[in-house]
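See structure below.
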Amino acid sequence: MENLREEKRPLNFIEQIIEDDINDGFSSDKLKFRFPPEPNGYLHIGHAKAFCLNFGLGAKYNAPVNLRFDDTNPSKEEQEYVDAIKYDLSWMGLKWAEECYSSDYFQQLYDWAILMIKNGRAYVDSQSSEAMATQKGTPTVPGTDSPYRNRTVEENLDLFNRMKQGEFKEGEHILRAKIDMKHTNMLMRDPIMYRVMHKSHHRTGNDWCIYPMYDWTHGESDYIEQISHSLCSLEFKAHRELYDWFLDQVCDASKIRPKQREFSRLNLNYTVMSKRKLMQLVEDKIVSGWDDPRMPTISGLRRRGYTPAAIHKFIDVAGVSKRNQMIDVALLESCIRADLNKTTNRIMAVLNPLKLVITNYPEGKTEVVMAENNPEDENAGHREMIFSREIYIEKDDFLEECPNKIFKLGIGKEVRLKHGYIINGVEAIKDADGNVIEVLCTYDEKSKSGSGTEESKRKVKGTLHWVSASHNIKAQVNEYDRLFSVEAPDGEKEIDFKSHINPNSLSILNDCAIELALKDAKPQDRYQFQRIGYFCVDDDSTAEHLIFNRTATLKDGWSKK
RNA sequence: UGUCCCAUGGUGUAAUGGUAACACUCCGGUUUUUGGUACCGUCAUUCAAGGUUCGAAUCCUUGUGGGACAACCA
C-alpha cells in the first residue's frame with residue numbers, strides 16, 4: 001500500500017544504468033559520485049545540470065559525493081575560482097563528502113607513470129608539437145609512429161626523471177602512453193600523459209614542473225577516490241575508451257572500478273554557455289563581471305534574484321538524456337516565477353512616477369491603510385501604508401483618453417488604488433511639450449478598500465499600485481532583459497556571438513519611488529513589486545542608495561496584444 | 001571520406017513490445033482589489049522506407065538529418 005502512495009517517477013537513463021548495476025549485484029552501499037569542476041571559471045547553469053545530477057544521485061541512493069577540483073593545468077586555474085565554486089555549491093545547498101583535488105594525486109600518478117614506463121606502456125617523445133600533430137593523422141587517416149616510440153625503458157626513465165627535475169624547457173619532451181597510432185579513435189593514438197610546465201600551481205606551488213593531462217588524471221582520480229559512476233558530458237564519449245585503457249593499467253580487481261557514462265550538456269537559448277565566451281564578456285566589459293545579473297552563471301543568477309530552489313526545479317524539469325538540449329529560457333523563468341510567487345512579499349513600487357493629486361482629499365491629511373503581504377501565504381501578514389492627498393502612480397498607468405477595456409486611469413475613467421480608494425481622473429496637467437506631468441483626480445471617500453461599504457465593493461476596471469508622494473523612498477531599479485537578441489548567439493561559427501548582444505539588456509531607472517516598508521531591505525532580499533515583477537536587492541545596495549534588480553517580470557497577457 | 005552518439009508537438013522530457021503522455025510556450029475562456037496567481041480549454045508529436053511481430057515510438061536493416069572526434073585544454 002505504501003508503494004502506491006509514492007510518486008511514480010520515471011528513471012532517467014543514468015538512474016537506469018545504476019539500477020541495472022545494482023540488479024546485477026553491485027552493492028548499493030558502494031555507490032559514490034563526484035562533481036569535478038576545473039577551477040578556471042565560474043559555475044554556470046550548464047554546470048548545474050552536472051552537479052544537480054551527481055548530488056541528486058547521492059541523495060537518492062544515500063551515497064557520498066566528492067567535490068573534486070580538476071586542477072592539472074596551472075596556466076588557467078586559480079584559487080579565486082576554487083573559492084567561487086565552493087561558495088556557489090554551498091549556496092545551492094549541496095554538501096560534498098570530501099573536498100578533493102586532482103593535484104593531491106600528483107605523486108601517485110607519477111608513480112603509476114613510472115610503472116607504465118617500466119611495463120613498456122609509456123615513452124618519452126621529443127618532437128615538436130607540430131611534428132606530433134602531423135603524425136597523429138586525421139579521423140580518416142591513420143597516424144604514424146614517432147621516431148622516439150621505441151626508446152629503451154632506461155632511456156625513458158632517465159628522460160622522464162629529468163623532465164621532473166626541471167632540466168628541460170616546456171615543449172622539449174613529453175610522456176606519451178604507448179597504445180596504437182593507427183587506432184580509429186584518435187584519442188588512442190599515443191595520447192600525452194605529461195607535459196613540462198614551469199608554472200606555479202595554486203596548491204602545489206613549485207613542487208612540480210610536469211603536469212598530467214586530463215585523460216591520464218581523471219579516471220585514475222576516480223579510481224583513487226573509488227567513485228562508482230563517473231558522469232560527464234557527451235563530448236567525453238570518445239574518451240571513455242582511453243579512460244578504460246588507463247584504468248586497465250592500474251586497476252586492482254578487488255577495488256571498485258569506476259564507470260564513465262555520458263549525458264548531454266544543457267544549453268539555454270538567448271545566451272551562451274561556454275566558459276571561454278563568458279570570460280570574454282567579462283574581459284571585454286560587456287557585463288560587469290561573472291556575477292552580472294544577465295550572466296547564466298550561478299553567481300549571476302543569484303545576483304539576479306534566482307533562488308536555489310528554482311534552479312533545482314529547473315534542472316529537474318529539464319531532465320537528463322543524450323540528446324543535445326536547447327532549452328527555452330522561458331522554462332527557467334517559469335521556475336523562478338513559481339517559486340517567488342509563493343514566497344515573496346508584495347510591495348508597491350512606482351518605477352516611473354507620475355504625480356497624482358486628489359483634489360477632494362483634505363490637504364495635510366494622511367491615513368494608514370492595511371496591505372496584505374502575500375495573497376499566496378496567509379501567514380505572511382499585513383503591513384501599513386500611508387495614503388495621502390498627493391501620490392505617485394506609474395506614468396504608464398495614465399491614458400488621457402482611456403477606453404474602458406484598458407485597465408488604466410483616464411480623464412473621466414475610474415480606477416481603484418490598491419488597498420486605497422476608487423478615483424476618477426479629472427484633468428491632465430502638461431508641460432510645454434505636451435507631456436503629462438501631473439494628474440488631478442477626485443476620490444470616492446466611501447470606497448475605501450476593506451471598509452465593507454457598497455462603494456468599496458464596486459467593480460472597477462483597473463487597479464493601480466501607488467505610493468504616497470511624501471512617504472516613500474527613492475531607489476534605483478535595474479531592469480534586466482536577456483543578454484542576446486537571438487536564440488542561438490553562437491549558432492554560426494563565422495559570426496561573432498558578441499554581435500548579437502541585446503543593446504537593451506539593461507535599463508537603469510534612477511527615480512523610482514518605493515514603499516517605506518522596504519527602507520531596511522538588505523542585499524538578496526526578494527519582493528514582488530505588485531503588477532510589475534519580481535525584484536531583489538542588489539549586492540551593492542546600501543541604506544542610502546537602494547538598488548533593486550529585476551529578476552523577472554510578471555507574466556503579462558495584455559502587452560503582447 | 002572513417003569511427004561513435006542522437007532522432008517523440010514550437011521547446012524539453014516520459015511511455016522499459018500492448019490506448020503516445022506530462023511540463024513549458026502559444027492561443028482562448030472562468031475567477032480575481034496584481035492585465036499576477038488559480039482553474040478550464042484549444043492547437044500540436046513518434047525523421048523516412050522496408051522488415052520482425054497478433055501488436056513497434058520501442059527490436060532489425062537501409063537511408064536522411066543533427067552532433068562529437070585531428071589542444072603539450074578540461
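The sequence lines fix the lettering, A, B, ..., with proteins before strands; numbering per chain opens at 1.
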Under a 3.5 Å cut-off for both contacts, is [N] paired Watson-Crick or G-U wobble with anything, and if yes, with which nucleotide?
{"N": "B/U30", "value": "B/A38"}
{"N": "B/C47", "value": "B/G63"}
{"N": "B/A71", "value": "none"}
{"N": "B/A21", "value": "B/U13"}
{"N": "B/A56", "value": "none"}

N or O in side chain of [X] less than 4.0 angstrom from [N] OP1/OP2:
{"X": "A/R265", "N": "B/G67", "value": "no"}
{"X": "A/Q528", "N": "B/G36", "value": "no"}
{"X": "A/R531", "N": "B/G35", "value": "yes"}
{"X": "A/S449", "N": "B/U33", "value": "no"}
{"X": "A/T72", "N": "B/A74", "value": "yes"}
{"X": "A/R195", "N": "B/A74", "value": "yes"}
{"X": "A/K322", "N": "B/C6", "value": "yes"}
{"X": "A/K555", "N": "B/U25", "value": "yes"}

[atom1] gap between [N] and [M], integer Å:
{"N": "B/A56", "M": "B/U61", "atom1": "C1'", "answer": "15 Å"}
{"N": "B/U19", "M": "B/G67", "atom1": "P", "answer": "34 Å"}
{"N": "B/G51", "M": "B/G17", "atom1": "C1'", "answer": "15 Å"}
{"N": "B/A44", "M": "B/U25", "atom1": "C1'", "answer": "12 Å"}

Take atom [atom1] of [X] and atom [atom2] of [N], then tell me their distance rounded to the nearest Å.
{"X": "A/K459", "N": "B/U30", "atom1": "NZ", "atom2": "P", "result": "14 Å"}
{"X": "A/K313", "N": "B/G12", "atom1": "NZ", "atom2": "C1'", "result": "13 Å"}
{"X": "A/Y101", "N": "B/A74", "atom1": "OH", "atom2": "P", "result": "17 Å"}
{"X": "A/D316", "N": "B/G12", "atom1": "CG", "atom2": "P", "result": "17 Å"}
{"X": "A/E235", "N": "B/A71", "atom1": "CD", "atom2": "P", "result": "15 Å"}
{"X": "A/F314", "N": "B/G12", "atom1": "CZ", "atom2": "P", "result": "11 Å"}
{"X": "A/M326", "N": "B/G12", "atom1": "CE", "atom2": "P", "result": "9 Å"}
{"X": "A/D215", "N": "B/C69", "atom1": "CG", "atom2": "P", "result": "13 Å"}

Need one value for [X]: base, sugar-phosphate or nothing, where a base atom within 4.0 Å counts as base even if backbone is also close, heavy atoms only.
{"X": "A/P142", "result": "nothing"}
{"X": "A/G143", "result": "nothing"}
{"X": "A/F236", "result": "base"}
{"X": "A/H465", "result": "nothing"}
{"X": "A/A238", "result": "nothing"}
{"X": "A/N73", "result": "sugar-phosphate"}
{"X": "A/I406", "result": "base"}
{"X": "A/Q127", "result": "base"}
{"X": "A/S129", "result": "base"}

- Message: One pair to check against side-chain contact (heavy atoms from CB on, under 4.5 Å): A/L417 and A/F387. What are the steps and the verdict?
- Response: CA-CA 10 Å; A/L417 294 172; A/F387 191 83; 3.8 Å; yes

Any N or O donor-acceptor pair linking the side chain of [X] to the base of [N] at under 3.5 Å?
{"X": "A/H239", "N": "B/A68", "value": "no"}
{"X": "A/E376", "N": "B/G36", "value": "yes"}
{"X": "A/Q325", "N": "B/U13", "value": "no"}

Could you tell me if the ring centre of [X] sits under 6.0 Å from that of [Y]?
{"X": "A/Y270", "Y": "A/F484", "result": "no"}
{"X": "A/F548", "Y": "A/F529", "result": "yes"}
{"X": "A/Y243", "Y": "A/H239", "result": "no"}

- Message: Taking 5.5 Å and 30° as the limits, would you call A/Y214 and the base of B/A74 a stacked pair?
- Response: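 Whether judged by distance or by angle, A/Y214 falls short somewhere, so it does not stack on the base of B/A74.
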
- Nucleotide of B/U33, B/U3, B/C69 approaching A/M186 most closely (side-chain heavy atoms): B/C69

- Measure from the side chain of A/F407, starting at C-beta and using heavy atoms only, and say which of B/G12, B/G35, B/C4 lies closest. B/G35

- Query: Does A/E372 come within less than 4.0 Å of A/R346, counting only side-chain N to carboxylate O?
  - Reply: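 Answer for the salt bridge query: no.
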
- Item | Charged N-O contact under 4.0 Å between A/D316 and A/R9 |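 Looking at A/D316 and A/R9, the cut-off is met.
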
- Start with the C-alpha distance between A/Y306 and A/C335, add both sets of side-chain angles, then the distance that settles side-chain contact (heavy atoms from CB on, under 4.5 Å), and finish with yes or no. CA-CA 9 Å; A/Y306 273 73; A/C335 289; over 6 Å; no

- Message: Quick check: do A/H229 and A/L57 have side-chain heavy atoms less than 4.5 Å from each other?
- Response: no

- Tell me, yes or no, whether the heavy-atom count around A/E445 atom CD, taken from other residues, nucleotides or ligands under 6.0 Å, exceeds 12. no

- Message: With nearest nucleotide decided by heavy atoms, which residue, A/N185 or A/T463, maps closer to the 5′ end of RNA chain B?
- Response: A/T463

- Query: Between A/S128 and A/S321, which has a closest nucleotide on RNA chain B that is more 5'?
  - Reply: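 That would be A/S321.
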
